[in-house]
Amino acid sequence: ALPEPNEEAEQADDEPPASALEARLAKIMGAVLGVTAIGRHQSYFTLGGDSIASVRLASRATRAGLPVEPRDLYAAPTVATLAELVAARLGDANINHSPAKEAYSDTVVQLNGVQRWFFGLGLPNPDHWAMATVVSVAPGLTVEALGRALTALIDRHDALRTRFVHTDDGVVAELPPNTPPPVVNEVSTLGLRPRVAEARARGALSELIAGLSLAEPPLIAAALIRGAAELGGDRLALVAHHAAMDVVSWAVVLDELEALLAGEDPGPAGSAAVWSRAWESQTLGPAEQVWLTQAQDGTVWPSLPPGA
């Protein structure tokens with residue numbers, strides 16, 4: 001459940017940040033939520049924040065040297081309270097809040113629950129179940145610079161480097177020792193009528209998706225679409241397979257790619273393989289066991305009423 005609103009604090013929501021740390025956190029929160037000015041007592045959730053945006057906020061804060069986790073926004077949803085939490089962490093010399101990326105040395109990777117479900121569907125052509133996003137980019141971005149940044153991104157995230165192989169015992173996930181460079185195409189829509197330009201851009205996306213292969217990572221590809229200024233200018237199209245990407249991950253990937261293109265350090269990156277192994281080895285509590293039992297015995301829970 002979301003935290004209860006604090007009416008007394010909300011009445012003072014126009015009070016500006018009271019310290020340099022609060023100002024830095026307010027700037028990061030504003031950039032993520034698209035808000036120009038944030039009062040130190042305004043609630044992150046009142047401003048429109050949610051769990052997905054909290055991942056982006058934590059990623060940007062960590063990149064700036066401020067130890068923030070997504071769950072912190074529930075306990076400290078205002079700039080003032082979040083600054084207190086961050087200050088306490090920064091003042092603890094023994095804290096290991098932002099560890100270096102944990103290496104995963106094994107060749108075979110544990111499939112996570114969603115991956116097992118996906119491959120259990122037995123789809124006739126699973127290679128092309130991908131997600132796509134298109135974002136505007138500044139003029140002057142080159143294919144070479146994009147390729148270097150995307151390669152660095154893939155190197156940071158083993159999920160994008162995972163190879164899925166069908167065997168007699170089912171699908172096996174592996175981390176190959178070497179990963180080929182990602183596909184980065186350049187497509188021009190300059191001089192084309194709007195409908196034709198859009199059709200060519202869509203064709204570029206379809207081509208990227210068709211080129212994905214679960215057996216031949218990386219599982220992400222890009223196209224730099226050149227366009228006239230009056231039609232939105234240059235755009236970056238990215239596609240990634242569902243086995244390696246979800247909605248929340250897109251936000252983090254775009255933030256990191258932006259940092260890499262700017263020559264900045266995106267901060268520490270976690271390992272999907274390590275996370276999957278840790279998740280599978282954890283002990284479920286009583287509540288989780290109940291839900292697991294219901295799922296395994298085929299119990300069908302009643303549907304929510306329309307509009308719920």
Side-chain angles (χ1 to χ4, degrees), residues 1-7 9-86 131-141 146 149 153 201 222 224-225 227 229-240 245-267 269:
L2 295 180
E4 292 294 330
N6 186 327
E7 296 182 2
E10 291 295 334
Q11 292 175 357
D13 61 11
D14 58 347
E15 185 179 340
S19 67
L21 178 56
E22 288 189 7
R24 292 175 68 190
L25 288 169
K27 183 178 181 180
I28 293 171
M29 187 181 294
V32 170
L33 300 180
V35 179
T36 55
I38 296 180
R40 64 190 303 262
H41 295 300
Q42 280 186 287
S43 170
Y44 166 79
F45 298 101
T46 301
L47 292 166
D50 55 25
S51 59
I52 294 179
S54 71
V55 176
R56 296 186 64 202
L57 192 154
S59 175
R60 291 195 179 196
T62 300
R63 191 196 317 166
L66 305 177
V68 175
E69 296 181 357
R71 61 185 178 185
D72 292 338
L73 277 303
Y74 291 89
T78 68
V79 167
T81 54
L82 189 60
E84 290 180 2
L85 187 152
V86 171
M131 302 183 71
T133 188
V134 180
V135 295
S136 297
V137 293
L141 177 61
L146 177 57
L153 181 78
L224 192 54
I225 303 173
E230 60 270 20
L231 296 179
D234 293 348
R235 293 177 291 171
L236 170 60
L238 290 167
V239 301
M245 187 73 68
D246 58 22
V247 174
V248 177
S249 300
W250 263 133
V252 176
V253 162
L254 289 174
D255 276 352
E256 291 190 7
L257 188 58
E258 181 181 13
L260 290 167
L261 286 170
E264 301 173 358
D265 180 5

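Numbers here simply count residues along the sequence, with the first being 1. This one's a predicted model, so the numbers in the text were calculated from it and none came from an experiment.
- Considering CG of Leu238 and CE of Met245, their distance stands at 8.0 Å, rounded to 0.5 Å.
- Taking Leu261 as the reference, Leu141, Ala149, Leu257 meet the side-chain contact (heavy atoms from CB on, under 4.5 Å) condition, with sequence neighbours excluded.
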Considering only distance and modelled atom types, tabulate donor-acceptor pairs under 3.5 Å from the side chains of residues 19-35, sequence neighbours left out.
| from | atom 1 | to | atom 2 | distance (Å) |
| --- | --- | --- | --- | --- |
| Ser19 | OG | Glu22 | N | 3.2 |
| Glu22 | OE1 | Ala18 | N | 2.7 |
| Glu22 | OE1 | Arg40 | NE | 2.8 |
| Glu22 | OE2 | Arg40 | NE | 3.4 |
| Glu22 | OE2 | Arg40 | NH2 | 2.6 |
| Arg24 | NH2 | Ala64 | O | 2.7 |

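- Across all non-hydrogen atoms, the minimal contact from Asp234 to Gly227 is OD1-N, 3.2 Å.
- Counting only heavy atoms from C-beta outward, the side chains of Asp72 and Val86 never approach each other to under 4.5 Å.
- To the nearest 0.5 angstrom, Leu85 atom CG is 11.5 Å from Leu66 atom CG.
- Summarising the geometry, atom OG belonging to Ser54 is positioned 11.5 Å from atom CZ belonging to Arg71; distances are rounded to the nearest 0.5 Å.
- Under the side-chain contact (heavy atoms from CB on, under 4.5 Å) criterion, Ala58 pairs with Val68, Pro70, sequence neighbours left out.
- The minimum heavy-atom distance between Phe45 and Leu73, with the atom names listed, is CE1-O, 3.3 Å.
- Considering only heavy atoms from C-beta on, Tyr44 stays 4.5 Å or farther from Leu82 through its side chain.
- Remark: the backbone N or O of Arg56 is not paired with any side-chain donor or acceptor of Ser59 at under 3.5 angstrom.
- Put simply, the side chain of Pro266 reaches to within 4.5 Å of the side chain of Leu260, judged on heavy atoms.
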